[in-house]
Amino acid sequence: MTLIEALDYAAVVVFAITGALAASRAQLDIVGFAFVASLTAVGGGTMRDLLLKRDAVFWVENTNYIFFAVLAAFVVFFAAHLFESRLKALMWLDAVALAVAVSAGTGVAMELDQLPQVVIIMGIATGCFGGLMRDVVCNEVPLVLKQGELYASAAFAGAFAAVIASFITPSPLAITAACAATTFVLRAGSLKFGWSLPVYKSRPPRA
Amino acid sequence: MTLIEALDYAAVVVFAITGALAASRAQLDIVGFAFVASLTAVGGGTMRDLLLKRDAVFWVENTNYIFFAVLAAFVVFFAAHLFESRLKALMWLDAVALAVAVSAGTGVAMELDQLPQVVIIMGIATGCFGGLMRDVVCNEVPLVLKQGELYASAAFAGAFAAVIASFITPSPLAITAACAATTFVLRAGSLKFGWSLPVYKSRPPRA
Amino acid sequence: MTLIEALDYAAVVVFAITGALAASRAQLDIVGFAFVASLTAVGGGTMRDLLLKRDAVFWVENTNYIFFAVLAAFVVFFAAHLFESRLKALMWLDAVALAVAVSAGTGVAMELDQLPQVVIIMGIATGCFGGLMRDVVCNEVPLVLKQGELYASAAFAGAFAAVIASFITPSPLAITAACAATTFVLRAGSLKFGWSLPVYKSRPPRA
């Protein structure tokens with residue numbers, strides 16, 4: 001298994017769990033769990049593969065990804081009650097998935113010799129779109145747009161770190177580590193300590 | 001006309017009608033009717049064609065599909081008041097469209113010699129995404145996510161039936177019939193008799 | 001620079017500004033501004049390029065587009081307070097962007113020798129989908145679906161005008177002018193004077 005495949009698998013499984021947790025909050029049946037989990041799991045990578053015109057979408061070429069996403073959904077269906085707070089679990093697992101998916105996105109773009117700015121965008125897109133689809137479909141406020149939280153910013157910083165690292169070292173593992181660590185630390189710091197960037201403030205905005 | 005073309009036409013027209021009915025509930029003008037009807041009509045098949053990397057998206061290659069979708073929208077614009085309940089009509093026509101679209105999705109995937117699991121996913125995606133886009137755009141609760149109803153489940157069962165049938169018979173017509181009948185019977189049973197799978201239950205979920 | 005590139009640049013920058021204004025209404029941070037601005041800026045054109053199976057998505061091939069979208073987002077982040085009403089500014093800039101994007105969509109489709117009906121659809125899709133994504137993601141009522149306003153209708157009329165013009169003159173500039181002027185005049189007339197098409201009316205619709 002290549003490093004990128006390993007990252008794709010990890011992102012798929014963790015995002016699938018977050019999708020299933022969102023499905024549990026929407027009180028869906030087991031097929032609904034599998035549906036939302038799969039959508040969340042492969043949404044970002046599918047976007048990446050379509051935008052980069054890869055020969056095949058990763059999970060159509062290798063259906064194990066969907067198998068694992070559905071498996072994760074089933075496990076959550078029977079085990080979600082073990083989480084003390086499913087929302088909290090969702091947000092922390094989403095942070096892990098974000099870190100892994102940004103790495104997978106930048107990794108694929110680098111393998112295809114894309115320019116640094118495309119690498120960064122693919123990192124952000126791969127990281128953010130699965131969760132965005134999950135939240136739009138499940139009618140939750142998209143995490144990527146929550147005020148006063150680092151999300152797209154964490155993805156951006158991680159993808160940026162990957163590009164910097166790629167100038168220093170040729171090792172895919174080191175690049176991946178730099179990317180995932182940066183993304184996760186920023187997102188986790190935002191969840192745990194409220195780290196944020198200043199938001200746009202104005203008089204009552206909906207006028 | 002091939003069987004798959006016939007299925008695509010049928011799915012396009014019936015989904016277009018459901019899109020136009022949603023537009024009538026949102027009180028749009030006649031171009032809005034055509035817009036939502038077209039989006040609903042070709043959304044699922046477009047997703048299928050992009051994911052499978054077909055040479056061309058079906059309605060770009062053959063624009064008759066859009067013509068019929070727009071025509072259906074116009075008819076509904078002038079005739080929607082004839083429906084006693086437009087929501088009920090929308091749901092029943094959506095059930096027909098779902099059954100036909102799942103068959104069209106599995107049919108295309110089988111023709112491209114995809115693996116059974118890809119066939120099943122393309123059936124579900126083709127069936128569900130047009131309606132999902134319609135509901136997201138029109139701000140209705142997505143049918144695919146309504147609690148206690150078989151929707152994705154009906155699509156899954158129909159696509160599964162198509163795969164089973166394909167091991168028994170080479171006849172595309174028989175495979176299609178098995179798929180459409182299974183999907184429609186389950187979805188109709190859910191609408192009429194409240195058939196459902198157990199949903200995930202928990203203490204108040206938004207905490 | 002070709003005419004189509006110029007149109008793509010103009011549409012990207014103006015749509016990016018509308019995306020950033022929507023981000024300001026949602027009170028996001030600067031990276032959120034860049035995210036929503038980019039999504040709005042390239043959403044319609046990306047849809048067009050995927051549907052037409054162009055060799056590469058325009059902004060992956062030439063990343064200047066994203067650069068300008070992000071730049072526009074930064075400018076708005078620091079200057080949005082200068083607008084007396086950001087909603088009004090958003091709507092008028094959106095009208096400009098719509099006119100330019102419809103022209104860019106029809107132009108690309110004509111260059112690829114597509115049929116008139118495909119040209120029209122690509123005009124509408126390129127014009128409408130960026131703003132639609134912006135509104136769905138930012139949880140605003142999609143402009144394209146606002147009751148009693150010309151939006152998809154203006155896009156349709158503009159694309160139709162482009163097709164008519166292409167039968168009269170081979171000049172891309174003249175075709176573009178006809179398309180953009182038609183779209184903008186109708187959309188502006190709708191905003192300023194309340195021009196509209198009759199909408200579907202019925203007894204209380206949500207029953």
Side-chain angles (χ1 to χ4, degrees), chain B residues 20-39 42-43 45-47 49-51 53-67 69-70 73-74 76-88 90 133-141, chain C residues 46-54 57 109 112 114-122 124-125 127-129 131-133 135-137 139-160 186-187 190 195-207:
Chain B
L21 287 170
S24 82
R25 284 160 55 81
Q27 306 206 3
L28 302 181
D29 62 30
I30 196 163
V31 180
F33 270 61
F35 184 85
V36 179
S38 302
L39 187 73
V42 303
T46 302
M47 186 77 76
D49 291 353
L50 291 177
L51 292 176
K53 300 266 167 186
R54 285 179 95 190
D55 291 337
V57 174
F58 74 107
W59 57 267
V60 176
E61 200 171 35
N62 176 353
T63 56
N64 286 345
Y65 292 110
I66 294 287
F67 173 77
V70 170
F74 286 179
V76 172
F77 187 78
F78 293 107
H81 62 280
L82 300 178
F83 291 106
E84 200 179 314
S85 160
R86 280 171 294 130
L87 180 54
K88 216 169 154 185
L90 194 164
M133 290 181 195
R134 174 196 63 209
D135 297 339
V136 166
V137 165
C138 288
N139 229 1
E140 308 245 358
V141 176
Chain C
T46 302
M47 187 76 78
R48 172 198 67 195
D49 291 352
L50 291 178
L51 292 175
L52 289 178
K53 300 267 167 185
R54 285 180 95 192
V57 174
L112 295 173
Q114 297 284 342
L115 292 171
Q117 51 278 49
V118 175
V119 169
I120 291 177
I121 293 165
M122 290 304 148
I124 299 175
C128 295
F129 271 92
L132 186 57
M133 289 181 197
D135 296 339
V136 165
V137 165
N139 229 359
E140 308 245 358
V141 177
L143 278 181
V144 70
L145 292 181
K146 274 243 189 92
Q147 286 168 38
E149 291 197 12
L150 299 178
Y151 196 94
S153 319
F156 167 74
F160 194 76
L186 286 176
R187 178 72 189 131
S190 178
W195 295 353
S196 68
L197 288 173
V199 302
Y200 183 85
K201 277 270 181 248
S202 64
R203 283 153 299 156
R206 306 265 159 178

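Order of the sequence lines sets the chain letters (A, B, ...), proteins ahead of strands, with each chain counted from 1.
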Between CG on residue N62(B) and CG on residue L115(C), distance to nearest 0.5 Å | 9.5 Å
Let me know if P142(C) has heavy atoms under 4.5 Å from chain B in its side chain, its backbone, both or neither.
-> side chain
Engaged part of V137(B) at the chain C interface, taking heavy atoms whose separation is under 4.5 Å = both
Proximity breakdown for E149(C) and chain B, heavy-atom pairs closer than 4.5 Å = backbone
State, to 0.1 Å, how close Q117(C) and T63(B) come at their nearest heavy-atom pair, and which atoms those are.
-> NE2-OG1, 2.8 Å
Exercise: identify the closest heavy-atom pair between L197(C) and V31(B) = CD1-CG2, 3.9 Å
Hey, what do you get for CD1 (I121(C)) to CD1 (I66(B)), rounding to the nearest 0.5 Å?
-> 4.0 Å
Contact part of F77(B) toward chain C, heavy-atom cut-off under 4.5 Å: side chain, backbone, both or neither?
-> both
OG1 (T46(B)) and CG (L51(C)) are apart, to the nearest 0.5 Å, by 6.5 Å
Kindly give the heavy-atom pair with the smallest separation between P198(C) and D29(B), and that separation in Å.
-> O-CB, 3.4 Å
What residue, out of S196(C), A155(C), A152(C), has the most heavy-atom pairs lying under 4.5 Å from chain B?
-> A152(C)
Atom CZ of F160(C): over 12 foreign heavy atoms under 6.0 Å | no
When rounded to the nearest 0.5 angstrom, what distance separates CG in L132(C) from CG in L39(B)?
-> 7.5 Å
Distance-minimising heavy-atom pair for R54(B) and K53(C) = O-NZ, 2.9 Å
Where does F33(B) contact chain C at under 4.5 Å (heavy atoms): side chain, backbone, both or neither?
-> side chain
